[in-house]
Amino acid sequence: MGQHREKGRILMRAAWVVGHENGRHVLIPDGELVFEDGAVIYVGHRFEGEVAERHDCGRALIGPGFVDLDALGDLDTTVLGFDNQPAWKKGRVWPQSYMEAGPREMYAPEDLVWQKHYGFTRLIRNGITTALPIASLFYREWGETWDEFAGAAEAAEALGLRVYLGPAYRSGNTYVTAPGEIAFHFDEARGLEGLEQAERFCTAFEGRAGGLVRTMLAPDRIETCTEALLTRSAQVSRDLAVPVRLHCCQSAFEYQSVLDMHGKGPPEWLRDIGFLSERAILPHLTYIAGVNGIAHDAPDLEILAESGASLAHCPLVMARGGTMLRDFARYRDAGLRIGMGTDTHPPDMILNMQIGLMTARMAAGDAQAVRAGDLYDAATLGGADALGRPDLGRLEPGARADITVIGLDDPAIGQVIDPIQTLLLNGAGRDVRSVVIDGRFVMQEGVIPGVDHHALHEGAQARFDAMVAQYPDRTLNHPPVEEIFEPTYPIKKDLA
Ligand SMILES: [Zn+2]
């Protein structure tokens with residue numbers, strides 16, 4: 001184990017502690033929390049027993065670590081689309097020429113492992129204590145590999161991050177044949193091989209690192225998975241009792257493609273093939289019948305809520321793409337379980353809660369539709385519930401000691417009204433000071449033992465630049481990089 005666990009009881013105190021009572025978070029002013037052997041043993045005002053160590057966190061909020069159901073686990077390429085659209089024109093859909101020449105890996109195997117280590121350090125830096133990594137398959141030859149996930153398990157163990165891991169797989173892919181013309185290519189055998197590898201991975205890695213490493217299934221996205229792949233994934237998820245995550249209802253193109261292929265919208269189709277269950281985790285569910293331009297008529301929200309599946313809500317990536325969930329309050333009131341994911345850079349759960357709150361109110365046209373606590377619940381309890389983990393996402397005796405300390409004393413945070421509302425108004429991932437996972441201090445005052453954030457940052461930029469340089473090869477008609485990614489303003493290199 002990379003991070004060692006202190007012996008004896010550890011006490012932490014701060015101006016505010018988020019405790020938990022009768023299924024709800026509670027706020028404890030001037031609170032104390034004690035953990036021992038990785039589990040919380042006390043949350044309250046004054047602990048009377050002996051302790052081995054005391055940490056006074058001062059003007060800070062001690063709360064449960066965030067559970068990230070769609071945790072950014074690579075060098076994010078989605079950001080390249082920020083001002084560069086449409087996707088098919090800007091190298092985000094493979095051109096036919098590239099696919100026929102045989103897709104290839106754009107990173108060396110060691111760089112894929114490096115990205116996991118780098119990504120995990122950023123997650124910890126942002127107060128995420130449980131992560132279900134997501135990465136793009138766009139720069140891959142096809143699916144994710146055993147080796148990079150074996151590396152990810154090692155990185156998680158070395159850093160002390162709680163993870164659910166599984167290599168992503170798929171049966172199909174989209175490609176662009178001519179401007180705006182998108183087609184599908186399917187190779188069912190390849191998808192099933194991917195599932196077989198994922199199943200072996202789950203069996204081999206479940207419970208490693210003293211239980212810090214768990215496993216999951218990750219069929220990539222609904223429109224690139226065949227019925228056989230999804231029904232077998234659901235079966236394996238049931239047999240192994242592991243979560244299964246599938247991107248679904250994330251774009252109008254996807255919804256229409258599923259309708260065209262199966263004669264049903266994504267929720268109906270998933271229900272009818274037996275995919276939906278309480279083990280299913282579904283990013284992003286923004287495009288459902290009747291909203292965001294989907295004309296199809298079906299009780300999508302009811303189907304999803306009844307199934308017990310969970311939404312992985314990633315408001316930042318959606319808002320950057322010009323869309324939002326319509327709306328959080330309606331989904332919540334339908335009884336759908338809502339957890340959260342970061343999905344794009346920065347992997348900042350606080351920023352995601354803020355955008356989630358604002359877009360929820362905009363979509364509902366009502367400032368009272370959603371409160372700060374709805375988003376904080378989703379980022380903690382919602383994610384833990386999606387994983388069937390009543391011992392995560394809350395701080396009460398018996399829960400795992402997964403703790404995030406967020407400073408409330410930086411001048412930028414302004415005046416504190418209530419710590420959660422202040423966080424949703426003025427906080428940022430950068431305010432996360434210390435992180436405890438499973439009773440180990442994995443970050444203290446911004447320092448992750450053995451990690452040089454600046455060196456990693458430089459390494460990430462170099463790898464990112466090398467990857468961007470390969471875009472022409474995989475962009476329709478192969479324009480030069482400068483044409484694919486246009487500068488915000490004309491770049492003047494030789495001004496007199
Ligand atoms: Zn996503």
Side-chain angles (χ1 to χ4, degrees), residues 65-73 116 120 123 128-135 143-144 149 152-153 156 161-170 194-209 211-222 225 229-250 266-267 270-271 273-285 304-305 307-314 336-343 378-393 400 402:
F66 299 125
V67 179
D68 191 341
L69 299 176
D70 211 23
L72 181 65
K116 289 280 182 286
F120 291 175
L123 294 171
I128 286 144
T129 55
T130 299
L132 283 64
I134 182 79
E144 292 176 328
F149 273 76
L161 178 65
R162 190 182 298 286
V163 286
Y164 283 72
L165 300 177
Y169 51 90
R170 56 174 164 172
L195 169 57
E196 214 175 282
Q197 171 190 250
E199 184 176 358
R200 279 186 282 114
F201 183 88
C202 290
T203 308
F205 283 83
E206 178 70 18
R208 286 222 186 164
L212 218 49
V213 173
R214 301 283 300 266
T215 61
M216 64 179 284
L217 296 170
D220 190 48
R221 45 171 70 196
I222 186 169
C225 293
L229 189 70
L230 291 182
T231 51
R232 286 194 203 184
S233 294
Q235 181 68 49
V236 174
S237 151
R238 189 163 35 243
D239 293 348
L240 300 182
V242 298
V244 56
R245 183 181 62 201
L246 178 71
H247 273 64
C248 127
C249 302
Q250 69 165 331
L270 290 181
R271 176 196 60 196
I273 64 172
F275 183 84
L276 296 178
S277 75
E278 68 285 355
R279 286 173 306 279
I281 295 171
L282 310 170
H284 297 266
L285 303 184
L304 294 164
S307 73
S310 294
L311 158 64
H313 182 29
C314 312
L336 183 69
R337 298 203 299 190
I338 306 178
M340 299 204 50
T342 53
D343 202 32
T380 53
L381 300 170
D385 290 350
L387 298 171
R389 296 290 302 267
D391 59 338
L392 300 181
R400 301 312 296 165
D402 288 10

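Both backbone and side-chain heavy atoms feed into the values below; hydrogens, waters and symmetry mates do not.
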Taking all heavy atoms of [X] and all of [Y], pick out the closest pair and write down the distance.
| X | Y | answer |
| --- | --- | --- |
| G73 | K116 | O-NZ, 3.6 Å |
| C248 | L270 | SG-CD1, 3.8 Å |
| A131 | L123 | CB-CD1, 3.7 Å |
| A156 | V163 | CB-CG2, 3.6 Å |
| A234 | G274 | CB-O, 3.7 Å |

Measuring only between side-chain heavy atoms, which start at C-beta, is [X] closer than 4.5 Å to [Y]?
| X | Y | result |
| --- | --- | --- |
| D343 | I134 | yes |
| C225 | L246 | yes |
| F66 | T130 | no |
| L165 | P133 | yes |
| D385 | S310 | no |
| E199 | L240 | yes |
| E206 | R214 | yes |
| C249 | P267 | yes |

- Query: Applying salt bridge (Lys or Arg N to Asp or Glu O under 4.0 Å), which residue pairs with at least one partner in residues 233-248 are found, sequence neighbours left out?
  - Reply: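 For residues 233-248, and leaving out neighbouring residues, the salt bridge (Lys or Arg N to Asp or Glu O under 4.0 Å) pairs sorted by first residue read D70-R245.
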
Tell me whether [X] contacts the main-chain N or O of [Y] through its side chain, where contact means a donor paired with an acceptor under 3.5 Å.
| X | Y | result |
| --- | --- | --- |
| T342 | L72 | yes |
| E144 | P167 | no |
| S233 | L229 | yes |

- Task: Would you check, one step at a time, whether the test ring-ring contact (aromatic ring centres under 6.0 Å, His included) holds for H284 with H247?
- Result: CA-CA 6 Å; H284 297 266; H247 273 64; 4.9 Å; yes

- Task: Would you sort out whether L285 and L336 count as a side-chain contact (heavy atoms from CB on, under 4.5 Å), showing the intermediate values?
- Result: CA-CA 11 Å; L285 303 184; L336 183 69; 4.1 Å; yes

Working to the nearest 0.5 Å, report the span between [atom1] of [X] and [atom2] of [Y].
| X | Y | atom1 | atom2 | value |
| --- | --- | --- | --- | --- |
| L282 | F275 | CG | CZ | 6.5 Å |
| Y164 | L69 | OH | CG | 10.0 Å |
| T231 | I273 | OG1 | CD1 | 6.0 Å |

- Task: Go through the steps to decide whether D68 and M340 satisfy the test side-chain contact (heavy atoms from CB on, under 4.5 Å), and finish with yes or no.
- Result: CA-CA 6 Å; D68 191 341; M340 299 204 50; over 6 Å; no

- Query: Hey, which of V236, T215, T203 is the one that makes side chain to side chain contact (heavy atoms under 4.5 Å, CB included) with V242?
  - Reply: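 Exactly one option meets the side chain to side chain contact (heavy atoms under 4.5 Å, CB included) with V242, and it is T215.
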
- Message: Set out, in order, the CA-CA distance, both residues' side-chain angles and the distance that settles side-chain contact (heavy atoms from CB on, under 4.5 Å) for I281 and L132, then state yes or no.
- Response: CA-CA 10 Å; I281 295 171; L132 283 64; 3.8 Å; yes

- Test side-chain contact (heavy atoms from CB on, under 4.5 Å) on L217 and Y169 and set out the steps. CA-CA 9 Å; L217 296 170; Y169 51 90; 3.8 Å; yes

- N-O pairing of R389 and D391 below 4.0 Å: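 Yes, this pair counts.
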
- Message: Determine whether R162 and T129 satisfy the following criterion, side chain to side chain donor-acceptor pair (under 3.5 Å), listing intermediate values before the conclusion.
- Response: CA-CA 6 Å; R162 190 182 298 286; T129 55; over 6 Å; no

- Task: Please check if atom CZ in R232 has more than 12 non-hydrogen atoms from other residues, nucleotides or ligands closer than 6.0 Å.
- Result: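 At most 12 heavy atoms, drawn from other residues, nucleotides or ligands, come within 6.0 Å of this atom.
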
